[in-house]
Amino acid sequence: MHRQFTEREWRSIKSMRSDWARLDMFYRHWALKESFIKAIGVGLGFNLQRIEFEVSPIEMEVGKVYAQTKMLLDDEDENWVFEESLLDDKHHVAVALGSTDTYKPPKLKDGPLFSILSYEDLMASAVPITPEDPDYWDNFHSKQELPLRQTSTAKAGTVT
């Protein structure tokens, strides 16, 4: 992962007082980087060392939303807003919201920011996007779980 973080980010991660705190800061930086590349729609082909985060505050509390972290792109402040929160003591959420010019702080309601949903909760209001096709399932179900390895032979370039 050394290629994914800048020297300053690594110093921030390594400066934490315990292994768990270092891992926590690692995940926080990763969530921020992932939120940015998803927001701009470029995927992991983007050189992640071009973006650098100065996280603030260093420690967060579960259930609160923070928007103080700064991002540099190619060593220049981009004035992007990132909302961060902790779902629990092990799971970070980071959402890249774009320019500070258009940012409006959230009006938080009382209660949890996120809800844990079961599969049944998610499927309760689901509707098919296409009509059911039994042949599609039969075709899918008949496929091998692992693809066979193709080997080449010396005979005129045939593949078996």
Side-chain angles (χ1 to χ4, degrees), residues 1-130 137 140-141 143-149:
M1 295 300 290
H2 280 298
R3 295 184 329 217
Q4 311 309 327
F5 298 104
T6 67
E7 288 297 321
R8 187 180 302 162
E9 289 171 327
W10 276 118
R11 280 194 303 275
S12 172
I13 293 166
K14 292 176 181 179
S15 73
M16 304 311 292
R17 63 192 173 283
S18 70
D19 287 345
W20 285 112
R22 284 186 286 278
L23 186 60
D24 185 63
M25 187 60 74
F26 169 87
Y27 285 135
R28 185 172 175 191
H29 276 87
W30 185 257
L32 287 160
K33 287 184 182 260
E34 189 175 20
S35 72
F36 177 71
I37 62 173
K38 285 181 177 179
I40 63 172
V42 296
L44 287 175
F46 186 84
N47 178 0
L48 293 177
Q49 285 205 352
R50 290 184 58 203
I51 51 177
E52 179 174 86
F53 289 95
E54 297 173 0
V55 297
S56 180
I58 296 299
E59 294 189 21
M60 299 190 307
E61 293 179 39
V62 173
K64 291 191 174 184
V65 176
Y66 300 88
Q68 293 93 339
T69 292
K70 302 284 184 207
M71 183 193 76
L72 303 173
L73 175 63
D74 298 327
D75 296 321
E76 293 187 23
D77 188 350
E78 283 297 302
N79 293 321
W80 268 62
V81 175
F82 293 83
E83 285 188 354
E84 299 179 84
S85 54
L86 288 172
L87 296 179
D88 55 34
D89 63 346
K90 294 181 179 118
H91 296 94
H92 289 266
V93 175
V95 180
L97 296 172
S99 170
T100 56
D101 298 336
T102 58
Y103 175 70
K104 292 182 177 80
K107 293 179 180 155
L108 299 176
K109 61 181 177 155
D110 290 335
L113 297 173
F114 294 90
S115 299
I116 305 297
L117 300 176
S118 68
Y119 177 78
E120 289 76 21
D121 294 334
L122 292 170
M123 298 309 294
S125 62
V127 293
I129 56 174
T130 60
W137 169 249
F140 175 80
H141 194 260
K143 293 180 182 179
Q144 297 176 15
E145 282 202 32
L146 297 173
L148 294 176
R149 182 178 300 273

Handout entry: Heavy-atom check, side chain of Gln68 versus side chain of Pro57, under 4.5 Å
Key = yes
Handout entry: Euclidean distance, Asp24 CG relative to Asp19 CG, rounded to 0.5 Å
Key = 12.5 Å
Completion exercise
Correct closest heavy-atom pair for Ala39 and Ala96 would be CB-CB, 3.7 Å
Handout entry: Nearest non-hydrogen partners of Ala31 and His92, listed with the distance
Key = CB-CB, 4.4 Å
Exercise for the section: Run through Glu84, Glu83, Met60 and flag the one making a side-chain contact (heavy atoms from CB on, under 4.5 Å) with Val65. Expected result: Glu83
Handout entry: Centroid separation Phe53 to Phe36 less than 6.0 Å
Key = no
Fill in the blank from the handout: dist Trp80:CH2 -> Ile51:CD1 (nearest 0.5 Å) comes out at 9.5 Å
Exercise for the section: Anything under 30° is parallel, anything over 60° is perpendicular, the rest tilted; go ahead and classify Phe26 against Trp30. Expected result: parallel
Exercise for the section: Give, for atom CG of Leu86 and atom CZ of Arg28, the distance between the pair rounded to the nearest 0.5 Å. Expected result: 7.5 Å
Practice task
Measure the CG-CD distance between Asp74 and Glu52 for me, rounded to the nearest 0.5 Å.
Solution key: 11.0 Å
Exercise for the section: First locate atom CD of Glu9, then atom CZ of Arg11, and finally report the distance between them rounded to the nearest 0.5 Å. Expected result: 10.5 Å
Exercise for the section: Determine whether Lys33 and Phe5 make a side-chain contact, defined as any pair of heavy atoms from C-beta on separated by less than 4.5 Å. Expected result: yes
Problem - Lys/Arg-Asp/Glu bridge criterion (N-O < 4.0 Å) met for Glu59, Arg17 - result: yes
Practice task
Count the heavy atoms belonging to other residues, nucleotides or ligands that lie under 6.0 Å from CG of Asp121, then report whether that count exceeds 12.
Solution key: yes
Problem - Minimal non-hydrogen separation, Val95 against Val93, with atom names - result: CG2-CG1, 4.1 Å
Practice task
Compare all side-chain heavy atoms of Leu23 with those of Met16 and state whether any distance is below 4.5 angstrom.
Solution key: no
Fill in the blank from the handout: To the nearest 0.5 Å, atom NZ of Lys70 lies from atom CG of Asp77 at 6.5 Å
Handout entry: Minimum heavy-atom distance His29-Ser12, with the two atoms named
Key = CE1-OG, 3.6 Å
Exercise for the section: Of all the heavy-atom pairs spanning Leu87 and Val62, show the shortest one and how long it is. Expected result: O-CG1, 3.7 Å
Handout entry: Closest approach of Ala67 to Val81 (non-hydrogen atoms, all atoms of both residues)
Key = CB-CG1, 4.1 Å
Exercise for the section: Please check if the side chain of Thr69 supplies one atom and the backbone of Ser56 the other of a donor-acceptor pair under 3.5 Å. Expected result: yes
Exercise for the section: Assess whether atom OH of Tyr27 is packed by more than 12 heavy atoms of other residues, nucleotides or ligands within 6.0 Å. Expected result: no
Exercise for the section: Using a 4.5 Å cut-off on heavy atoms from C-beta on, say whether the side chain of Met71 contacts that of Leu32. Expected result: no
Exercise for the section: For the residue pair Ile58 and Met25, establish whether any side-chain heavy-atom pair is separated by less than 4.5 Å. Expected result: yes
